[in-house]
Amino acid sequence: MSELVSYTNDDGIGIITIDNPPVNASSQPVRQALAAILASMKQAGDVKAVLLRCAGRTFMAGADIREFDGADIPLPDPNEIHALLESLPVPAIAVLHGTVLGGGLELALACHYRVALRSTRLGMPEVTLGLLPGAGGTQRLPRLIGVSEALDMIATGKAVSADRALRMGLLDDVFDADLDAQALAFARLAAHKDVAARVLRYRSFDLEQGEALVLEKWLERLPPEDKGGRGSRACVLAIKMAAELPFDEGLEFERRSFLKCKASTESKALRHAFFSEREASRIPNLPDDLMLRPMTSVGIVGAGTMGVGIAMSFANAGMPVILQDLSAETLARATEAIRTTYGAAVDKGRISAQDAESRRGLVRTATDDMQLAQCDLIIEAAFESLGIKQRIFERLGKIAKPGAILASNTSSLDVNKLADASGRPADVLGMHFFSPANIMRLLEVVRADLTAPDVLATVMRLAKRIGKVPVVSGVCFGFIGNRMLEGYLREAEFLILEGASPAFIDEALEDFGMAMGPCRMIDMAGVDVAAKVVIEQKKANILPEDPTYRVVVQALHDAGRFGQKTACGYYRYEGRKPVEDTDVTPIFVELARVHGIQRRTDITAREVVQRCLYPLIAEGYRILEEGIAYRPGDIDVVWLSGYGFPAYRGGPMFYAQTLGEAELAGRIASYAETRGNLFGYWTVPESLQRARR
Ligand code: 3H9
């Protein structure tokens, strides 16, 4: 018997326990041990029923995704194990808790019965990895719960609660507590029952009226294969095959599709995103015995939009917050904004009225900053001005209790200067939330030169606790995300000056997969906000000497076209809908004339994508060279969770790998030739240059 899978016989009930922390993934050794136990148990024939359970925090959360990098699935095949389970002459009962996902749910479906704790969640998230369930999920689930429900679970990847699963017939019983004892009692009742009717592979299965249409509708709605729809399409087709083919042929169809999806760039990109997100929260070279600082109370300085969003992020996770602002009027507006946001969440059925009430109750307001003195963490979310923030840090350094962590929500300023102003730099770092802070998952955690390791580690842990995706960045203008954004926006503007319309640029990049093109993005964030970044760059003395640099955003700003908030920017707005605006074209034409830029009519979507993305990626390489980011995957996580980069392309650094680094370096160099490189815009980064040699 292996340590990963153990077996006991409890008075005629065989109990198999899988113990493969942290999530009991079905790795090859687990499958091997499980297959051996099932085979010998079948031969011994000394049990009346079998319980299949997992130790630790969850039932199996799926196949071991790390195994997917190989060409095939290492033997034994999960389908072999499922066949062994189904062929047992006595009832096999899956005993579920935690998150029963993917291959874990497939294993449970091969059992004759399924029982669970009420807190259990069940799902088939393979599609989020660009895959379909590959071990019978697409064939057994529709046989058990019908096509519509199976489609909902498999093609969206969304998990369902145990209660819902019980209603669907996916579970046979749900218990509030004492899972093992309850399952044992269930097994004794089920013992010796005829199991043939419970074997899903034997269930006859035809499409009910209307179901064929439902399947077709799904296929129509899904994105094309090369635009992130490969996995979801495969899911729908395999479910269709479950109805059209005999079970074993359906299973074979599923496996062929699975292997094809698994080998696709899209799935590799999504798997990279999955592991990168988890790796990003690891800080290299920390001592094992590092003690984290206590973290029970949080204060926020500044009750503007960001302060309010940050406060709600903590309240959402059940943490009390003090929102401090000198202006009682601002605090009143903040309280109202929080009330409205939670009210809307209740109206949409996202949270209960009781939840909303308790979250609201967690946010206290104060005009007196001494109220923050006992907080474990104080986050400054004041106006983006170095002078103002320095004064706040000087004050916080004096009033905060010893050991309190002081953080700035700056999006670009030098955190070292703020640390300096505080007089206790070891306690200081940046926490760059993205707007709206209560919704956006990304958090750039900015490590200043003297930030203490325990401060960094404490904030990384806290970030996870409030449901954020934290990524560490060193200090530089714009940190990881906004620094890379700069080249992207710069080229989008140059393309506008050369004759491409904002809509053409946005469509090209949205067709590439970006959630929103750059012009729509600036209109949404505010042209004034974007123009201010350029002003800050000027102050920080890091503007290129190029007189054409970011002139478009500044001209729109000067014209009072602030974007959505003024109903015109790059576009004009009908409600929230952007409409191409011919009024804006003369501004671009005039700027091109003034700066001697030739207007062209031959700009292609391909050129737009290359010119906007290559400088962005090149900056990523520089960020790595300078040690601003620990790993390429961290940069990808920033762009995937904060900037709408398409997940199926894995993030900018992964995308660079798929293009080939030598190829990318060559293309950047050729832009340097055709466009000139007076200001270093097309300089190939040193680390990428090496790939060419
Ligand atoms: C599948 O099943 C295919 C089959 O249909 C067919 C096969 C033929 N494999 O997320 P956490 C690691 S596809 C390997 O921080 P949480 C994770 O990397 C799979 N490793 O915890 C991390 O490692 P580390 C379908 C895995 O509590 C650690 O476990 N299943 C896997 O926030 C803790 O993870 C899925 O897609 C895995 N399957 O969330 C489920 N899962 O500590 C994917 C986790 O070294 N997993 N790890 O960084 C999840 O959604 C979450 O991990 C889960 C726990 C909800 C389970």
Side-chain angles (χ1 to χ4, degrees), residues 18 20-31 34 54 56-82 96-110 119-141 150 153-160 231 234-235 238-239 251-252 254-263 267-268 270-284 317 441 460-461 463-470 631 633-634 637 647:
I18 299 169
N20 183 26
V23 298
N24 286 310
S26 164
S27 59
Q28 189 277 342
V30 167
R31 293 197 299 277
L34 192 53
C54 288
R57 61 175 160 159
T58 182
F59 190 80
M60 184 183 282
D64 188 336
I65 304 168
R66 276 175 287 244
E67 281 181 0
F68 294 173
D69 291 339
D72 218 326
I73 314 258
L75 293 175
D77 191 305
N79 282 333
E80 224 176 89
I81 293 167
H82 300 167
L96 311 176
H97 72 292
T99 41
V100 182
L101 301 174
L105 184 51
E106 289 175 307
L107 181 68
L109 286 169
S119 54
T120 311
R121 310 262 321 153
L122 304 95
M124 295 271 184
E126 285 88 342
V127 69
T128 63
L129 299 170
L131 300 166
L132 66 159
T138 63
Q139 306 303 297
R140 288 191 181 88
L141 196 61
M153 285 184 73
I154 294 175
T156 67
K158 284 197 192 125
V160 298
C235 287
I239 293 173
L251 209 58
E252 230 182 281
E254 179 195 78
R255 176 50 60 88
R256 273 200 310 276
S257 289
F258 180 83
L259 292 178
K260 223 161 101 188
C261 287
K262 186 171 83 61
S267 175
K268 285 179 186 158
L270 289 159
R271 275 140 49 195
H272 162 78
F274 176 85
F275 285 117
S276 297
E277 189 174 313
R278 278 146 187 88
E279 176 145 44
S281 52
R282 262 182 234 131
I283 306 163
R441 294 176 68 227
M460 294 301 277
R461 170 73 65 85
K464 292 212 116 183
R465 194 168 144 198
I466 61 169
K468 300 293 174 197
V469 178
R631 304 159 275 248
D634 289 8
V637 172

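Atoms within a ligand are numbered from 1 in the order they appear, just like the ligands themselves. From a predicted model like this one, the values you see are computed outputs, not experimental measurements.
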Is [X] touching ligand 1 with its side chain, its backbone, both, or neither, if touching means heavy atoms under 4.0 Å apart?
X: Ile65; value: both
X: Phe59; value: neither
X: Val23; value: side chain

For [X], is at least one N or O under 3.5 Å away from an N or O on ligand 1?
X: Gly103; result: yes
X: Glu106; result: yes
X: Gly134; result: yes

With respect to [atom], which of [options] exhibits the smallest heavy-atom separation?
atom: atom 25 (C) of ligand 1; options: Ala61, Pro21, Ser26, Pro22; result: Ala61
atom: atom 48 (O) of ligand 1; options: Arg31, Arg282, Glu279, Arg278; result: Arg282
atom: atom 5 (O) of ligand 1; options: Glu126, Arg121, Lys262; result: Glu126
atom: atom 8 (C) of ligand 1; options: Asp72, Leu259, Ile73; result: Ile73

* Any Gly137 heavy atom less than 4.0 Å from ligand 1 -> no
Considering only protein heavy atoms, which is closest to [atom], and at what distance to one decimal place?
atom: atom 50 (O) of ligand 1; answer: Leu101 CD1, 4.0 Å
atom: atom 46 (N) of ligand 1; answer: Phe274 CZ, 3.5 Å
atom: atom 38 (N) of ligand 1; answer: Ala63 O, 2.8 Å
atom: atom 14 (C) of ligand 1; answer: Asp64 OD1, 3.3 Å

Atoms in ligand 1 with a heavy atom of [X] nearer than 4.0 Å:
X: Leu129; value: 36 (O)
X: Phe68; value: 3 (C), 13 (S)
X: Phe275; value: 18 (O)
X: Pro133; value: 5 (O)

* Flag for Arg31-Ser27: side-chain donor and acceptor within less than 3.5 Å -> no
* Taking 4.0 angstrom as the limit, do Lys262 and Asp69 come out as a salt bridge? -> no
* Taking the six-membered ring of Phe274, is the NZ or CZ of Arg278 close enough (under 6.0 Å from the centre) and on axis enough (within 45°)? ->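 Yes, Arg278 lies over the aromatic ring of Phe274.
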